[in-house]
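Only this structure's heavy atoms are used, side chains among them; waters, hydrogens and symmetry mates stay out. Every number for a ligand or one of its atoms is a count from 1 in the order of the listing. In this chain, residues are counted from 1 in sequence order.
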Amino acid sequence: MTEKNDDHKDEIKTGEVVEPSRRDFFKTAATGLAGAGAVSMGILPFGAASEAEASSKSGPKLHVGPGELDEYYGFWSGGQSGEVRVIGIPSGRELKRIPVFNFDAAYGWGVTNISKGMLKGKLTGDTHHVHLSYKDGTYDGKYAFVNDKAQARLARIRLDMMVTDKICEIPNANGTHGIFPSRNEMNAIYCNSEFRTPLPNDGRDLEDPTKYACLHSCIDAESMETRWQIMVDGNLDLCATDYEGKYSMACCYNSEEGVTLPEMMAKDRDWLVVFNLERIEAAIKAGKGIKIGDSDVPVLDGRGDSPYTLYIPVPKSPHGVNMDPTGKYAVCSGKLSPTVSIVELKKVDEAFAGKIKNPRDCVIAEPEVGLGPLHTAFDNRGNAYTSIFLDSVVTKWNIAKAIAGENPVIEKVDVHYQIGHINASMSETKDADGNWMVALCKFSKDRFIPVGPFRPENDQLFNISGDRMEMVHEAACHPEPHDALIVTRDLIRPKKVWQRDDRRFAFEHALAKKYNVTLEAAANVIEDGDHTYVFMVGIAPAFSLTKFNVKLGNTVTVVLTNMDRVEDLSHGFCLTHHDINVGVSPQETTSITFKPTKKGVFWYYCPWFCHALHLEMRGRMIVS
Ligand code: K7E
Ligand code: CUA
């Protein structure tokens, strides 16, 4: 594919992968702030940011000047906005919002046929956990997966195009919360349903919570179909997988199986549930799964003393579970206990083999880290960083010291305020690099000029490459930055224009074939009974059709292809008074189907500023 040479500063040509240009900074980053001198440990005061910024000069590079590129991609789930965001790190620039479970007028997500096919009429969602697909313990750059807690869905985003690719509904699940993909190869995504319901949830056992249950589901990473499910005791919360493909695991609260708050908090310990994937797969293969309700997905019973599950008691209403980069330890954050529990996976092997009788013996340390521990991230030097909700701090602690029974806490640093998730660069891979950490704070009062009762939330960036955690940047953000990943830039290789044979255009290619139209040179209006098909292309600054006629009562499908090859040259199709506004990026085809309701002249125009004559890029739909 060719393109006109534009004056963009980097030399990347269309279709090539994006290569990092300043790897050298990376290599030196590990040396960190050793030169910054001894600094006292303890709480970092509010005003420390400028000092931190100054000393950051010897660590990973903070300032990303105009025209410079970030070293990392950040992938942010958007919480109740239902979207996923791509943020440049360390600049904190918001680069893109990828609509997933929401309506988005900028791209026409929820308007185009492909997005309507995925959303099935639903326009709200709650994205909590975003994770990328893996190979050999690190990211392969292929997909991002994100859950919808609200409507028990899982979505897949193609990272080559940064668009939502597939959405599946998880059967029998209510409130899908923690998810995690396999880390050894791209195989499956494990998803926790958080809320217990009757199974099937079809009107039976309504008032009998003893018959409610939660499910842990295995979704195939390629087909996005649910392969199997397993019923568990308690409410499943966060999820993690090991690095070898042997286990998925879930923190599990409400072992009391209560439905009111006092009932749910009665016990001192709940569980980390570990799922033995080999045993589960074998049982499914042997046909041991039952069917629930309308779903064909086989379901195993993993409650009580099942061979498929190991219930490791941990205090108390545990929330996050995170694997350390060595793959040896799972860290469960106590939420209602000031502790984190370190579970050794070698002991889990032994417990499943019957060599350890008491599952509690899989917990090899339980250090105190603060009030309300939620999530833990890691560096490449054996340290862990736990978000502490009630104290509004991040606690840095050392894993080896905790295991040795020493006080492992190295430092606590204030965050502002009410931190939820935390993550560090590459922390969820074997290549954790200990450069950056982000704290996602739910409250931002006093940190920004006021904007009315709904406030922004606050993402705070820390340089963790040195002895101290140093807050170097904060950014107000649209609700809710729920969870985030920081990923080395060279692992993500987005393309700049579409390939014309992309599978995303299968529906439009099939339509074109049926009506003998060439999408790439289309200027056709075809009437087929009560359906009018309009095929056109956009090349700056014109549509190939400046007019099309429709009979009132007909359904209309407009198929639009952007035939510009120049990167960044997007067009769109906004049809006045029809609630239709979509974007179409270079070499992309999109389609919209609608039914005009009134006779008259309706202009359509290109809503993306594409050319000096952009305002003239328009035409008429004449409804007679
Ligand atoms: Cu901690 Cu939904 Cu990720 Cu909230 S879960 S914080
Ligand atoms: Cu095409 Cu504006």
### Atoms in ligand 1 flagged as close to His421, the criterion being non-hydrogen separation under 4.0 Å
1 (Cu), 3 (Cu), 5 (S), 6 (S)

### Query
Out of the N/O/S atoms in His128, what is the name of the one closest to atom 2 (Cu) of ligand 1?
ND1

### Results of side chain to side chain donor-acceptor pair (under 3.5 Å) for Arg85 - residues two or more places apart only
Ser81, Glu83

### Message
With no hydrogens and no angle check, just 3.5 Å: does a side-chain donor-acceptor pair link Glu366 and Thr339?
### Response
no

#### Entry: Structural part of His129 in contact with ligand 1, heavy atom criterion under 4.0 angstrom
side chain

## Note on the structure
Tested for side chain to side chain contact (heavy atoms under 4.5 Å, CB included) against Thr386, the lone hit among Ile419, Ile422, Val409, Val340 is Val340

### Task
For the pair Gln587 and Asn562, evaluate side chain to side chain donor-acceptor pair (under 3.5 Å) and give the outcome as yes or no after the intermediate values.
CA-CA 5 Å; Gln587 297 284 303; Asn562 179 347; over 6 Å; no

### Query
Between the side chains of Glu474 and Asn458, is a donor N or O closer than 3.5 angstrom to an acceptor N or O?
yes

## Note on the structure
What one should report as the nearest heavy-atom pair of Gly327 and Tyr243 is CA-CD1, 3.6 Å

### Task
Indicate if the distance from atom 2 (Cu) of ligand 1 to the nearest N, O or S atom of His177 falls below 2.8 Å.
yes

### Message
Strictly under 2.8 Å of atom 2 (Cu) of ligand 2: which protein N/O/S atoms qualify?
### Response
Cys606 SG, Trp608 O, Cys610 SG, His614 ND1

### Summary
Scanning both residues in full, the closest heavy-atom pair of Gly175 with Phe195 reads CA-CD1, 3.6 Å

### Message
Quick check: closest heavy atoms across Tyr73 and Pro494, and the distance to 0.1 Å?
### Response
OH-CG, 3.5 Å

